[in-house]
Each structure stands twice: as structure tokens, then as C-alpha cells.
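Notes to accompany the following structure.
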Amino acid sequence: MQPKRLTLLGSTGSVGEQSLSVAEAFPERYRVVALAAGRRIEKLAEQVRRFRPEFVSVAEAAGARELRERLGPDAPEIATGDAGLDAAAAHPADLVVSGLVGAVGLAPTLTAIRAGRDVALANKEVLVTAGALVLREVRAHGVTLLPVDSEHSAIFQCLAGQRLEDVAKLILTASGGPFRTWDPGRIARATVKEALNHPNWDMGPKITIDSATLMNKGLEVIEARWLFDLGPERVEVVVHPQSIVHSLVEFVDGSVLAQLGLPDMRVPIAVALAHPERLPLELPRLDLAALGQLDFEAPDTKRFPCLELAFAALRADEAAPAVLNAANEVSVAAFLDGRLAFPEIAAANAAVLDAHARKVGATALRDLDDVAEADRWARAQANEWLAGAGGVAS
Ligand code: MG
């Protein structure tokens, strides 16, 4: 058996590192051929020594120089900037792990798709900001998108061997975040520190705030709509505080399939890397008897209006999810800076989405320029809202 050739976009990030640790445990199955990272040169140098890729890309020329110095005569081909990222995405490989964080991941992910590579997708922004566009390219090039997010991996696993027309609905689980049991008055006064205190997953500050507002689940609803090509009326969310059931699929006969496991990102990463096989991971196993019970409740969209905004964006037009995402990045940054109260994150997002609905003009996403324009417009609107709301908008 030939090893699967892997390219990692965002190799020094959390998904990149965990993907490499999974690949490293099965050296006969994987060969890492290309790595793309930003500015963590020391970590990247260590990865290059461990995995000996053919091609490496970094953000800046200074980083490339440092990497060459660190690696000496053993350095592989090193490229820089957007062109380097693109070249890494197009480098001959069997699977590209799209693990960059933020908007920077969109263009190289499209490049990988257009080069005919299957993509293990961890970058949220790709489908949230450009789902309609990405779906058209995936179809045109006949590639497979393998989800890395735990919820989407669960749905992907439940759908294996099933027909899409037999699906009644996708049910995404949400932990409910740190304010799940809080009353509205207490949520209104929530501090940054309280919002950053996530019960089950250890993640970066932006996504942790998104978990507290349930915007993260909203963004995952948007991803699911494009990943599985089902309308928003067939996507639902249920709160499940233990994060053991990672998501479920209900079929037309009323059967519901679920995927369960301890919360560990290495499992969905391994599912994506090994598809259609599975890897014998040595991780702690789920002990249902020890767990005793699993709880579920409906999400409260009054206390957490961001979730409903995601459904509204999907019902609106192709550009609306990109608008919502950009507005949310601005409002979450303002909350983290102490410029906005917690409930105002949702208020700012709603105001920008409303303004988008009233705006006349193109709402389809024909290319990356349309995505960038929706993003730029929404950021300007959000900053205007912040200034008007009495916040000190920068
Ligand atoms: Mg998730």
C-alpha cells in the first residue's frame, strides 16, 4: 500500500499539530509532502526535521530566511506569502488538510479543490463565508470534502452508506457554553473572563466567545448546510452539555443515528485522514456505564439570539453568511477589548445583517472578490454600529 501523501495548510496551529501527531503514529500510512505555516518558524523547523516535506511555505520572507538558517543544507524548497500558500495547496498530494484560521484559508482551499485534491476541512471561514462558491467548485472538480469539526465529522459518519434523499434532518449538538444556565440579567453583565471559561473544549479566545453566544453553533449550521447540501429547514440544533454525542442524523423513517465519543479532536482528524478506513487510535474510551446519563435540551434563542441569526443568514442570500461572519468578528473583538457588553455582540450582528437585507445590489457569490466585498462592507457597517452604540470603535 502506498502511503497517503498529506499537505498541511496551517501546520503549526492546533489542527495542524494534531494532524501531524496522528500521521506520525502511522508512518506506513502517511507521508507529509508539504507544510504551510505563518510565523511560528521555530515550530515549523522542528516539523520539517521530523517529517521531511518536499515543499514548505511561510508568511514572510524574513521567516523563510530564518527557516533556511535553522535547517541549513537540509532545507526543502521554501516559498512565501499568498503565492507560497497557493503553491503548497496545489502541490501533488492525496489529501490537503485545510487548517488555517480565518479568511486567509479560503483562497488556498479553493486552489486545492481546483487542483483536484480531496480536502480535510477544519477552517470554518471557508464554508461560512463562501459556501455556495465552494460547493460549486467541489462539484465541478469531483473532489471530496472531509469535515474535521467534531459535529460535522459525526454527521459525515452517520451519513456513510445512506442516501441524502432519505435524510429528514441533521441535528447538531451544542454544549451550550458557559452561560447555558445563566439568567438574562447575569448574561448581560458577563465579563470576558467568564465568557472565556468553556466547560468542555479548550480553544482560542474568538471561538470560545462564539461558543458562549452560540454563534459558533450558528456558524456550524451554515457549514453543515453547504457541506451536506441540505437546506436550512433540514438542520436543527440541540443543546447537549456533556459533548459526548457529537451530532445526529434523523432519517425519513424516524430512525436517528448518532456518533458518540469523548471530546478529543484527534478522533475527527483521524476519521478525515483515514477515510474510508479507520485508524486504531490509542485514546481513552467512552465508558457509558460510568457516564450514567446524557442530557439534552432545546437551545434558548432568546438568551442566545446569534444562533437564529445564522438561520436567517442562510435563508437570505449567498452573501449573508459572509456578512454575518465579518460582523461577528468585529463585535467579538470589541467584546474582548472591553468595548462592548456581551449581549451587544448579538445586537451588532443583527443590525449588520438587517442592513444587508435592506441593501440593494448583487447578493450572489461569483468569485473571491464578491466574498471579500461582502466581508469589507460588513466590517465597515459593524464599526459604524459600534461607534453609534456609544462604544469606542477603532
Ligand atoms: Mg465544533
Side-chain angles (χ1 to χ4, degrees), residues 10 13-19 22 97-102 105 109 119-129 131 145-159 170-180 195-228 230 232 235-249 258-273 283 286 294 296 299 304 306-307 309-311 314 321 324-325 328-329 332:
S14 161
V15 167
E17 287 225 286
Q18 294 185 78
S19 300
V22 170
V97 178
S98 171
L100 291 159
V101 176
T109 303
V119 173
L121 188 62
N123 178 302
K124 272 205 158 62
E125 285 76 8
V126 169
L127 286 176
V128 168
T129 64
L145 274 191
L146 299 151
V148 168
D149 210 349
S150 59
E151 293 80 357
H152 304 87
S153 176
I155 290 169
F156 180 79
Q157 294 176 61
C158 294
L159 287 175
L170 311 179
I171 306 168
L172 278 84
T173 53
S175 71
F179 305 151
R180 181 177 62 88
L196 286 176
N197 180 28
H198 193 278
N200 302 337
W201 297 95
D202 185 10
M203 308 169 291
K206 159 71 166 57
I207 183 170
T208 305
I209 300 303
D210 285 345
S211 295
T213 60
L214 292 200
M215 189 72 249
N216 182 54
K217 207 49 55 180
L219 298 178
E220 290 181 355
V221 164
I222 295 170
E223 283 185 281
R225 181 263 174 270
W226 297 115
L227 202 47
F228 304 109
L230 287 170
V235 184
E236 213 174 85
V237 171
V238 66
V239 173
H240 166 47
Q242 292 97 348
S243 296
I244 295 295
V245 177
H246 297 306
S247 277
L248 318 87
V249 176
Q259 187 261 341
L260 286 72
L262 296 173
D264 188 320
M265 278 306 291
R266 284 170 294 183
V267 176
I269 286 171
V271 169
L273 293 192
L283 295 175
L286 182 60
L294 295 172
F296 300 92
F304 304 104
C306 281
L307 180 59
L309 293 179
F311 282 98
L314 278 177
L324 176 60
N325 179 65
N328 184 61
E329 285 189 12
V332 169

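Computed over heavy atoms, backbone and side chain alike; hydrogens, waters and symmetry mates excluded. All ligand and atom numbering here is 1-based and tracks the order in the structure.
With sequence neighbours left out, V101 forms a side chain to side chain contact (heavy atoms under 4.5 Å, CB included) with no residue at all. In this view, F179 and W182, F342 satisfy the ring-ring contact (aromatic ring centres under 6.0 Å, His included) rule, not counting sequence neighbours. Listed by chain and number, the residues in a side chain to side chain contact (heavy atoms under 4.5 Å, CB included) with A310 are M215, I222, L324 (sequence neighbours excluded).
Looking only at protein N/O/S atoms, the ones less than 2.8 Å from the Mg ion (ligand 1) make 3 in total.
With respect to I155, the side chain to side chain contact (heavy atoms under 4.5 Å, CB included) criterion is satisfied by exactly one of V235, L248, L172: L172.
For E220 against H152, the heavy-atom pair with the smallest separation is O-NE2, 2.8 Å.
In this model, no donor atom of one side chain and acceptor atom of the other lie less than 3.5 Å apart for K124 and N325.
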